Amino acid sequence: MTVARRVALLLAVVVMLALAGSLAVHTLATRQALGTELASRNRDAAAVLALAMSLQPDEAAMRASATAQMARGAYLRVVLQRPDGSTVLDLSQPLGPRRAPAWFVGLLPLTPEPGTASVQREGATVSTVRVESSVAWALDALWDACAVTALLLAALAALAAALAVGLLRGWQRPLQATVAQAQALEQGRFVEAEEPSLPELRVLTRSMNAMVRRLREVFASQAEQVQVLQRQAQLDAVTGLPSRRHFVARLQAQLAEPGGPGAALILVRVLHLEAINERLGHEATDRLLVAAAGLLLAYVERVPGTFAGRLNGSDFALCLPLTGLASETADSLHATLLAALTARDSQATV
């Protein structure tokens, strides 16, 4: 058995013993409080019943009064005795319906002290009445209190178990994090572990994190260089459109698809680009070319399967995935490009 399992078992035993003791103490205290309340009720009930019997003219009327009170179900037993000890009346009835199960009643019975009072008539004691009130409600209250306490303690036990599991996992986490770091490096991933509170493992984790950061920086720098080279190889530096080689390769792949819908190729040339460059300057001419490329990219974004590219300094190309709309698209594109370019140079044409 591992150390973690032994500690978990020890914690479970300690928690269960503590909770069981708490349940027993609470249940016994509640039982004692209910017994005290029942005894007080018995005394009050005996006093009330004795007062009612004192108003009766004879023993027959007293028996009738006691029988009527028993019929209401408030009393479990009523005993009426003469001063010489002879019994006039002894009435009892079953405990009655209750929620508390029989095994619980047998395990924790409630036997409060009966209430006793004297029946007076004309200043003399004519009899003594002893009353035992019904304890069904008290048994139900004791059962409910025990059940609620058990549920609360069970929830507390679950919380204690969760805390214990969290504590144990917290002890194991630094070692598991170090193993996970090594496995991640084998897979080409860079994972930093949280520094543990244990001094023995903090230095190791700190060193592993520093190594991971250095390796990540190296690979990130290399990946950035690769992306720059890839952009330089595939995209035009001025307009951001795919270069001639990349465009032609994609066009060849489009035309090589067997049974495809075909393709339409629209070629765009900005005429007299050298003259425009002399009139506007290099930077303004580049902005003009970027504007033309932006219009081509707008078609690419709106129509799925469309792609564009810059073939050389003044030539662009737009490939459509269908052939039916090539002429209309060319006319629309010509008008749009001409308007955009003449806005920057009135002598520009396309």
Side-chain angles (χ1 to χ4, degrees), residues 187-190 215-350:
Q187 300 171 2
R189 296 183 293 109
F190 305 99
L215 290 176
R216 183 168 52 199
E217 291 173 358
V218 171
F219 279 94
S221 176
Q222 292 178 351
E224 184 177 355
Q225 292 177 1
V226 170
Q227 290 179 357
V228 171
L229 294 175
Q230 186 176 10
R231 286 195 299 267
Q232 292 176 352
Q234 295 182 354
L235 301 181
D236 177 61
V238 176
T239 63
L241 290 175
S243 63
R244 176 189 183 94
R245 178 178 299 178
H246 186 64
F247 177 84
V248 171
R250 187 170 179 181
L251 178 62
Q252 290 176 345
Q254 176 88 8
L255 298 177
E257 294 182 0
L265 183 64
I266 299 176
L267 300 179
V268 178
R269 170 169 293 176
V270 180
L271 299 178
H272 311 299
L273 184 61
E274 294 181 359
I276 294 175
N277 192 20
E278 292 177 359
R279 286 195 304 271
L280 303 181
H282 182 70
E283 294 182 0
T285 302
D286 285 346
R287 288 195 293 269
L288 184 143
L289 295 175
V290 169
L295 294 174
L296 294 176
L297 288 175
Y299 276 88
V300 172
E301 294 175 355
R302 289 198 303 266
V303 183
T306 303
F307 57 94
R310 187 180 185 187
L311 303 182
N312 53 41
S314 60
D315 292 344
F316 300 87
L318 178 67
C319 181
L320 304 178
L322 299 174
T323 59
L325 301 177
S327 180
E328 296 179 4
T329 303
D331 293 339
S332 174
L333 182 61
H334 179 267
T336 305
L337 284 171
L338 187 60
L341 298 185
T342 54
R344 289 171 171 76
D345 182 6
S346 60
Q347 301 180 27
T349 182
V350 62

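These figures come from a predicted structure and were not determined experimentally. No hydrogens, no waters, no symmetry mates; every other heavy atom, side chains included, goes into these values. Positions are given from 1 along the sequence.
We find the CD-CZ distance between Q347 and R279 to be 4.0 Å, quoted to the nearest 0.5 Å. The CG atom of L318 lies 6.0 Å from the OG1 atom of T306; values are rounded to the nearest 0.5 Å. Note: L267 CG to L311 CG = 6.5 Å, rounded to the nearest 0.5 Å. Taking NE2 of H272 as the start and CG of D345 as the end, the distance is 11.0 Å to the nearest 0.5 Å. The CG atom of D315 sits 4.0 Å away from atom CZ of R269, with the distance rounded to the nearest 0.5 Å. Within the model, atoms CG of L273 and OG1 of T285 stand 6.5 Å from one another, a figure rounded to the nearest 0.5 Å.
Closest approach of H246 to P242, counting heavy atoms only: CD2-CB, 3.6 Å. Minimum heavy-atom separation, L320 to A326: CD1-CA, 4.1 Å. Listed here is the closest heavy atom pair of A284 and L280: CB-O, 3.5 Å. What you find for L325 and T329 is that their closest heavy atoms are O-OG1, 2.7 Å. Minimum interatomic distance between F247 and G309 (heavy atoms only, all atoms of both residues): CD1-N, 3.6 Å. Annotation for L255 and A263: closest pair CD2-CB, 4.4 Å, computed over non-hydrogen atoms.
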Please report, to 0.1 Å, the donor-acceptor pairs under 3.5 Å made by any side chain of residues 332-341, with sequence neighbours excluded.
residue	atom	partner	partner atom	Å
S332	OG	Y299	OH	3.1
H334	NE2	V350	O	2.8
T336	OG1	S332	O	2.8

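Under a 3.5 Å cut-off, the side chain of R310 and the backbone N or O of G313 do form a donor-acceptor pair.
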- Item | Evaluation steps, side chain to side chain contact (heavy atoms under 4.5 Å, CB included), between V270 and L288 | CA-CA 10 Å; V270 180; L288 184 143; 4.3 Å; yes
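Listed by chain and residue number, F307 satisfy the side-chain contact (heavy atoms from CB on, under 4.5 Å) test with R250 (two or more places apart in sequence, or in another chain).
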